[in-house]
Amino acid sequence: MEEKEIIIRLKKNEEKAFQVLVDLFSKKVYNTCVGMLQNMEDAEDVTQEIFITIHLNIKEFKEESSLSTWIYRISINKCLEFIRKKNRKKRSGIFKSIFSSDGERAIENHTDFLHPGIQLENQERAKILFIAIDLLPEQQRTAYILHKIEQVSYQEIAQIMDVSLSAVESLLFRGKQNLKKHLAIYYEENEK
């Protein structure tokens with residue numbers, strides 16, 4: 001079934017078309033959520049919420065972008081909404097930076113998330129990297145995860161985030177610089 005046909009059938013509320021959509025996009029949506037939320041249970045919950053949102057709002061889809069771009073945009077927005085809601089619920093605010101002088105305790109406060117795509121021998125490094133990614137400003141984190149983890153092109157990231165191509169390049173550049181800085185400080189303090 002081609003994208004145009006899927007969209008037409010989804011707008012007619014055909015159950016089979018929705019199942020095709022879920023089959024085509026569930027892995028991408030879930031992987032995006034795992035990268036953004038760094039928690040597999042939260043990613044499962046948000047993935048379900050995303051598909052409910054798609055089902056309820058497909059008639060509003062104007063086809064100005066591809067279906068996958070629209071779905072990525074919903075996914076990113078739902079993940080960011082979940083993160084904001086979760087952060088509001090924390091009594092003492094956002095956890096301390098892992099790069100403070102009390103780095104050991106701060107790492108313990110972070111979830112023990114390990115991305116499912118990471119090989120066993122790289123899990124400790126991946127854990128540190130994901131903690132550092134989590135410290136990036138929202139826009140940089142989103143662009144970085146989409147490009148480096150989800151392998152989304154700059155052009156599609158620009159469409160998903162509704163920014164220019166040069167803004168994506170800038171976000172990725174600044175994100176990489178911030179990650180280098182955070183990781184250098186961490187390794188200075190913890191790998192002596």
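Heavy-atom basis, side chains included; hydrogens, waters and symmetry copies ignored. Just so we're clear, the structure is a prediction, and the values are computed from it rather than from any experiment.
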*Closest approach of Arg73 and Ile160, non-hydrogen atoms and distance?*
NE-O, 3.1 Å
*Residue pairs involving residues 162-174 (criterion salt bridge (Lys or Arg N to Asp or Glu O under 4.0 Å); sequence neighbours excluded)*: none
_Per the salt bridge (Lys or Arg N to Asp or Glu O under 4.0 Å) rule, what does the pair list look like for residues 37-47, sequence neighbours excluded?_
Asp42-Lys86
Taking side-chain contact (heavy atoms from CB on, under 4.5 Å) as the definition, give me every residue that meets it alongside [X], ordered by chain and number, with sequence neighbours left out.
X	value
Ala167	Val163, Ser164
Ser153	Gln155, Glu156
Val20	Met1, Ile6, Leu24
Lys181	Asn178, Ile185

What pairs with [X] under salt bridge (Lys or Arg N to Asp or Glu O under 4.0 Å), at least two apart in sequence or on another chain?
X	result
Glu49	Lys78
Glu63	Lys4, Lys11
Arg9	Glu5, Glu14

*Partners of Tyr154 by ring pair (Phe, Tyr, Trp, His ring centres under 6.0 Å), sequence neighbours excluded?*
His147
*Pairwise distance CG(Leu129) to CG(Leu179) - rounded to 0.5 angstrom*: 6.5 Å
*Which pairs pass ring-ring contact (aromatic ring centres under 6.0 Å, His included) with one or both residues in residues 7-28, sequence neighbours excluded?*
Phe18-His55
*Can you tell if the side chain of Met161 reaches within under 4.5 Å of the side chain of Leu171, non-hydrogen atoms only?*
yes
*Stepwise side-chain hydrogen bond (donor to acceptor under 3.5 Å, both in side chains) test for Glu81 and Asn77*: CA-CA 6 Å; Glu81 183 181 296; Asn77 288 336; over 6 Å; no
*What's in the same ILVMFWY side-chain cluster as Leu56, cut-off under 4.5 Å, chained through other members?*
Ile52
